Amino acid sequence: MKKNYLTLAFSSLLFTFHVQAQKFESYEQTIPGTNVNFKMIAIPAGSFMLGSNPADSRKEQDETPQKKVELSAFWIEEHEVTFAEWDAFFKNMDVPQTKAIAVDAVSRPTAQYIDLTWGMGRDPKQPANSMSQQAGIMYCKWLYEQTGIFYRLPTEAEWEYACRAGNDKPVSNDPNSLQEYGFFKNNSGGKYHKVMQLKPNAFGLYDMLGNLSEWTLDQYNPTAYELLAAGSKDPSTPPAGKYPRVARGGSYLDETEVLRCTNRIASSAEWNKRDPQIPKSRWWLTDGMYMGFRIARPLIQPSKEEIEKFYASYLK
């Protein structure tokens with residue numbers, strides 16, 4: 001009887017894994033109560049060389065030494081979070097609007113005190129800009145409350161893996177081709193653009209390079225790769241302070257060397273230096289008009305307790 005029970009339990013477990021495997025595919029997510037939707041792209045598990053190749057003349061010290069890492073499967077948004085998506089949260093009257101970010105609750109930003117689009121427009125299909133990392137994480141927390149699905153920002157490693165899209169020599173290594181995939185200083189006209197206007201990469205992801213720089217989860221450490229053990233699985237540097245955190249991808253204002261899959265951008269308090277609020281806003285960046293984000297989702301959803309602990313650790 002015990003043997004049969006164990007066999008049945010094991011068969012049930014295999015069936016569960018099989019169903020989960022069947023469901024691991026790209027999907028459309030509709031934000032409840034709205035007609036706003038976005039696509040999440042399934043990124044298969046795999047290993048890759050994180051960081052810059054030693055032969056790359058454009059590499060920076062914090063991109064070395066290159067280390068092989070393993071990543072679990074995950075989903076990442078097809079494009080940067082748009083104003084349509086952001087406004088479903090920002091204008092949700094059921095969520096209290098607060099100046100501060102409450103760790104143990106969902107709150108939404110107070111109104112912007114100046115035009116933080118700087119005249120570039122607020123079309124629903126344009127990427128939401130001037131975003132702090134904490135604003136992006138609170139949006140993820142709100143989305144979790146709305147959908148029951150755990151969303152977060154991608155880790156540095158996930159972001160780079162998605163950007164490379166299985167290519168050891170991504171398009172960012174070829175400045176002549178870059179303008180077909182991303183908006184940067186040479187082709188942006190000094191402004192951000194609607195998402196999905198240029199070519200996607202091999203994973204079907206748009207604007208991984210250029211348009212807006214994108215937040216990742218990681219605390220910035222210039223020697224992170226020196227400390228990283230080869231073969232590490234799902235590496236990420238947990239939060240240790242408000243600054244610096246890591247952004248990736250470069251923006252519409254940047255030169256081509258910034259728009260590289262391996263380039264690491266350290267955040268700075270200078271991105272918010274003109275904020276007139278006291279204390280300065282944790283939602284908006286007055287001098288970070290080039291900052292946005294896209295969301296990610298792990299294959300295996302953590303427990304409710306783990307999710308709450310995760311959000312609290314990044315919103316403190």
Side-chain angles (χ1 to χ4, degrees), residues 31-36 38 77 80-147 150-153 191-192 194-195 211-217 239 241-247 251-253 267-295 307-308 310-316:
I31 299 178
T34 76
N35 60 1
V36 178
F38 54 87
E77 191 168 0
E80 293 157 341
V81 170
T82 63
F83 278 119
E85 295 162 58
W86 172 257
D87 282 346
F89 163 57
F90 181 45
K91 297 180 179 180
N92 186 336
M93 303 304 291
D94 294 330
V95 179
Q97 193 174 55
T98 62
K99 184 175 180 179
I101 290 179
V103 174
D104 58 349
V106 174
S107 57
R108 62 190 173 97
T110 51
Q112 296 178 333
Y113 34 85
I114 56 175
D115 175 22
L116 292 180
T117 72
W118 303 99
M120 289 182 281
R122 214 172 185 285
D123 186 278
K125 293 185 178 180
Q126 287 176 318
N129 78 310
S130 296
M131 296 291 146
S132 71
Q133 189 206 49
Q134 289 185 314
I137 293 173
M138 182 61 80
Y139 169 82
C140 291
K141 185 178 181 181
W142 170 79
L143 199 56
Y144 163 63
E145 295 287 343
Q146 299 297 305
T147 64
F150 175 54
Y151 288 107
R152 57 168 171 75
L153 301 180
K191 60 182 182 180
Y192 53 68
K194 295 178 183 179
V195 299
N211 218 19
L212 295 182
S213 291
E214 301 176 13
W215 287 110
T216 71
L217 280 179
K242 187 175 181 181
Y243 300 105
R245 302 286 175 92
V246 182
S251 78
Y252 65 93
L253 292 173
S267 70
S268 166
E270 291 296 300
W271 295 1
N272 212 19
K273 63 183 178 182
R274 284 187 286 182
D275 188 337
Q277 297 187 121
I278 299 175
K280 292 187 182 297
S281 173
R282 295 173 71 185
W283 298 102
W284 311 113
L285 301 177
T286 49
D287 292 274
M289 62 288 294
Y290 40 78
M291 287 305 304
F293 66 101
R294 77 178 69 212
I295 62 176
I307 290 171
E308 290 174 352
F310 169 86
Y311 286 132
S313 69
Y314 282 91
L315 294 173
K316 62 185 177 182

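Throughout, residue positions are numbered sequentially from 1 according to the sequence presented. Values in this document were obtained by computation on a predicted structure and should not be read as measured data.
Ring geometry for Y314 versus F310: interplanar angle of 30 to 60°, hence tilted. Using bins of under 30°, 30° to 60° and over 60° for the plane-to-plane angle, the ring pair Y151/F38 lands in the perpendicular bin. Note on ring orientation: taking the six-membered ring where Trp is involved, the planes of Y144 and F150 are perpendicular (angle over 60°, cut-offs 30° and 60°).
Of the inter-residue distances, the one linking Q134 atom CD with K242 atom NZ reads 6.0 Å to the nearest 0.5 angstrom. How far CZ of R294 is from CD of E77: 7.0 Å, rounded to the nearest 0.5 Å. Within the model, atoms CD of E145 and CG of D94 stand 12.5 Å from one another, a figure rounded to the nearest 0.5 Å. A distance of 9.5 Å separates CD of E85 from OG1 of T34, quoted to the nearest 0.5 Å. For the atom pair Q126 CD and T117 OG1, the distance stands at 8.0 Å (nearest 0.5 Å). We find the CG-CZ distance between N92 and R108 to be 7.0 Å, quoted to the nearest 0.5 Å.
Listed here is the closest heavy atom pair of L217 and R152: CD1-CD, 3.8 Å. Contact detail for A247 and M291: the closest heavy-atom pair is CB-CE, 3.6 Å. Among all heavy-atom pairs drawn from S251 and S213, the shortest one is N-OG, 3.6 Å. Heavy atoms only, all atoms of each residue included: S267 and W215 are closest at CB-CH2, 3.5 Å. Taking every heavy atom of both residues into account, N272 and L285 meet most closely at OD1-CA, 3.3 Å. In terms of heavy atoms, A128 sits closest to L212 at O-CD1, 3.4 Å.
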Worked check of side-chain contact (heavy atoms from CB on, under 4.5 Å) between I137 and Y311: CA-CA 7 Å; I137 293 173; Y311 286 132; 4.1 Å; yes

Salt bridge (charged side-chain N to carboxylate O under 4.0 Å, His left out) evaluation trace for D115 with R122: CA-CA 10 Å; D115 175 22; R122 214 172 185 285; over 6 Å; no

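At least one side-chain heavy atom of L153 sits less than 4.5 Å from a side-chain heavy atom of Q133.
Ion pairing of K273 with D287 is absent here, as no side-chain N (NZ or NE/NH1/NH2) approaches a carboxylate O to less than 4.0 Å.
Under the side-chain contact (heavy atoms from CB on, under 4.5 Å) rule, W283 has a single partner from Q112, Q277, M138, which is M138.
W284 and Y113 are not linked by any side-chain donor-acceptor pair at a separation below 3.5 angstrom, with hydrogens and angles left out of the test.
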